[in-house]
Engineer: 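Encoded as structure tokens, here's the structure I'll be asking about.
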Amino acid sequence: MKKKLNSILLIDDDEDCNFFHKRLINRMDIADEIKVSLDGEEALNYLKSTKDGKHPQPAIIFLDINMPKIDGWEFLEEYEKLDDMQKAKVVLIMLTTSLNPDDMERAKKNPLVHDYFNKYLDTERIQKVIDKYFSDYL
């Protein structure tokens, strides 16, 4: 049996969206833990935190663009400054309800962003991420 991902971090101020995504990921049984942050500032604090001397390092971060305090773009600017031990292990995916093509283009140009999806996630999209980045793992 293959291992699950250590954790997935959902960064989104939409609590309904977080509830739906958390439930979906739990049903897929692909992660040991799902952490939710309601804004970029909370997420950065979480990534900087330590438990037993180690940073959380989620395998995947799903990042909303439009949030209070620190939005997705500002999060990426601060995330880039983090030590490698504080960053996600593999994948950062941007999520949005925005229909602005400039957002998609901006995300594609950012080397930290591995993919860009419109909300809401579904099993197929998550499975594509798993197949693309974790095929030898899950």
Side-chain angles (χ1 to χ4, degrees):
M1 181 174 141
K2 295 187 181 182
K3 298 189 314 185
K4 293 182 192 180
L5 301 175
N6 66 320
S7 70
I8 293 174
L9 175 59
L10 304 173
I11 309 172
D12 197 327
D13 62 318
D14 182 338
E15 293 189 41
D16 292 338
C17 186
N18 288 328
F19 175 81
F20 176 82
H21 288 156
K22 191 171 181 177
R23 190 167 175 220
L24 179 66
I25 293 165
N26 275 328
R27 268 200 246 135
M28 292 179 72
D29 198 29
I30 58 171
D32 289 329
E33 178 184 27
I34 302 165
K35 173 69 177 160
V36 174
S37 292
L38 297 176
D39 61 62
E41 182 178 33
E42 185 180 318
L44 288 166
N45 289 335
Y46 170 71
L47 292 170
K48 292 175 186 177
S49 71
T50 58
K51 183 177 180 180
D52 300 326
K54 295 181 182 178
H55 296 288
Q57 287 192 294
I60 303 172
I61 296 175
F62 289 105
L63 173 66
D64 184 27
I65 292 177
N66 298 310
M67 296 179 291
K69 293 185 184 178
I70 295 179
D71 69 17
W73 302 118
E74 294 164 327
F75 171 86
L76 288 173
E77 289 173 18
E78 294 303 313
Y79 179 83
E80 191 169 26
K81 297 174 189 175
L82 294 177
D83 182 79
D84 285 343
M85 295 306 296
Q86 296 172 318
K87 294 180 181 176
K89 288 198 179 218
V90 181
V91 184
L92 198 146
I93 310 286
M94 290 204 85
L95 298 175
T96 187
T97 55
S98 170
L99 299 175
N100 185 345
D102 293 340
D103 284 340
M104 182 182 288
E105 206 49 45
R106 187 174 175 189
K108 284 181 181 178
K109 289 180 181 178
N110 189 314
L112 296 173
V113 178
H114 292 85
D115 225 324
Y116 179 97
F117 296 131
N118 286 320
K119 289 183 192 175
Y120 277 54
L121 290 171
D122 57 26
T123 304
E124 184 178 314
R125 284 186 182 157
I126 294 173
Q127 193 59 55
K128 282 182 182 179
V129 171
I130 298 301
D131 292 345
K132 185 173 182 177
Y133 300 102
F134 302 98
S135 62
D136 59 337
Y137 197 74
L138 289 175

Engineer: Can you name the side chain to side chain contact (heavy atoms under 4.5 Å, CB included) partners of K22, sequence neighbours left out?
Structural biologist: L10, N26, I34, V36

Engineer: Suppose we screen for side chain to side chain contact (heavy atoms under 4.5 Å, CB included). Which residues come up paired with S49, at least two apart in sequence or across chains?
Structural biologist: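 Residues passing side chain to side chain contact (heavy atoms under 4.5 Å, CB included) with S49: Y46, P56.
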
Engineer: Between I30 and K4, is there a side-chain heavy-atom distance shorter than 4.5 Å?
Structural biologist: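 When only atoms from C-beta onward are counted, I30 and K4 do not touch, as no gap falls below 4.5 Å.
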
Engineer: Determine, stepwise, if the pair Y79 / L63 fulfils side-chain contact (heavy atoms from CB on, under 4.5 Å).
Structural biologist: CA-CA 12 Å; Y79 179 83; L63 173 66; over 6 Å; no

Engineer: Can you list every salt bridge (Lys or Arg N to Asp or Glu O under 4.0 Å) pair that touches residues 119-130, not counting sequence neighbours?
Structural biologist: D12-K119, D64-K119, E124-K128

Engineer: Could you pull out all residues at least two apart from N45 that satisfy side chain to side chain contact (heavy atoms under 4.5 Å, CB included)?
Structural biologist: E41

Engineer: Determine whether a donor-acceptor pair (N or O, by modelled atom type, separation under 3.5 Å) exists between the side chain of Q86 and the backbone of D83.
Structural biologist: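 Yes, because the side chain of Q86 sits within donor-acceptor range (under 3.5 Å) of the backbone of D83.
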
Engineer: Would you compute the distance between atom CG of L44 and atom CG of D39 and round it to the nearest 0.5 angstrom?
Structural biologist: 9.0 Å

Engineer: I'd like to check the side-chain hydrogen bond (donor to acceptor under 3.5 Å, both in side chains) partners of D14; sequence neighbours left out, ordered by chain and number.
Structural biologist: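 Residues passing side-chain hydrogen bond (donor to acceptor under 3.5 Å, both in side chains) with D14: none at all.
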
Engineer: Keeping to residues at least two apart or across chains, list the ring pair (Phe, Tyr, Trp, His ring centres under 6.0 Å) pairs with something in residues 20-42.
Structural biologist: F20-Y120, H21-Y120

Engineer: Using every non-hydrogen atom in the two residues, find where M28 and Q127 come nearest and quote the distance to one decimal.
Structural biologist: CE-OE1, 3.7 Å

Engineer: Go through the steps to decide whether T96 and N118 satisfy the test side-chain contact (heavy atoms from CB on, under 4.5 Å), and finish with yes or no.
Structural biologist: CA-CA 5 Å; T96 187; N118 286 320; 3.7 Å; yes

Engineer: Side chains of residues 100-113: which donor-acceptor partners sit under 3.5 Å, not counting sequence neighbours?
Structural biologist:
| from | atom 1 | to | atom 2 | distance (Å) |
| --- | --- | --- | --- | --- |
| N100 | OD1 | D102 | N | 2.8 |
| D103 | OD2 | S98 | OG | 2.7 |
| N110 | OD1 | L112 | N | 2.8 |

Engineer: Would you say H114's side chain and L92's backbone share a donor-acceptor pair under 3.5 angstrom?
Structural biologist: yes

Engineer: State, with a plain yes or no, whether a side-chain heavy atom of L76 is found less than 4.5 Å away from one of M94.
Structural biologist: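 A side-chain contact exists here, since the closest heavy-atom pair is under 4.5 Å.
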
Engineer: Should we say atom CD of E33 is surrounded by more than 12 heavy atoms from elsewhere, each under 6.0 Å from it?
Structural biologist: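 Enclosed: over 12 neighbouring heavy atoms sit under 6.0 Å from CD of E33.
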
Engineer: Considering all heavy atoms of both residues, which atom of A43 and which atom of S37 are nearest to each other, and what is their separation?
Structural biologist: CA-OG, 3.4 Å

Engineer: Tell me the side chain to side chain donor-acceptor pair (under 3.5 Å) pairs involving residues 65-77, sequence neighbours left out?
Structural biologist: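 Listed by first then second residue: nothing to list.
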
Engineer: For F62, check ring-ring contact (aromatic ring centres under 6.0 Å, His included) against everything at least two apart and list the hits.
Structural biologist: none

Engineer: Nearest heavy-atom pair of P58 and S7: which atoms, and what distance?
Structural biologist: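 Heavy-atom minimum between the residues: CA-OG, 3.2 Å.
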
Engineer: With sequence neighbours excluded, tell me which residues meet side-chain hydrogen bond (donor to acceptor under 3.5 Å, both in side chains) with K81.
Structural biologist: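 side-chain hydrogen bond (donor to acceptor under 3.5 Å, both in side chains) list for K81, sorted by chain: E78.
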
Engineer: How close do D115 and K132 get, heavy atom to heavy atom, and via which atoms?
Structural biologist: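 Minimum heavy-atom contact is OD2-NZ, 4.4 Å.
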
Engineer: Give, for atom CE of M85 and atom CD of Q57, the distance between the pair rounded to the nearest 0.5 Å.
Structural biologist: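 CD of Q57 is found 4.5 Å from CE of M85.
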
Engineer: Can you list the residues that meet the side chain to side chain contact (heavy atoms under 4.5 Å, CB included) rule with E15, with sequence neighbours excluded?
Structural biologist: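 E15 satisfies side chain to side chain contact (heavy atoms under 4.5 Å, CB included) with L38 only.
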
Engineer: To the nearest 0.5 Å, what is the distance between CD1 (I11) and CD1 (I61)?
Structural biologist: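 Spacing of CD1 (I11) from CD1 (I61) equals 5.0 Å.
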
Engineer: List the steps, then state whether side-chain contact (heavy atoms from CB on, under 4.5 Å) holds for L47 with F75.
Structural biologist: CA-CA 11 Å; L47 292 170; F75 171 86; 3.9 Å; yes

Engineer: Less than 4.5 Å apart, any side-chain heavy atom of I60 and any of I126?
Structural biologist: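 No, too far: nothing below the 4.5 Å cut-off.
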
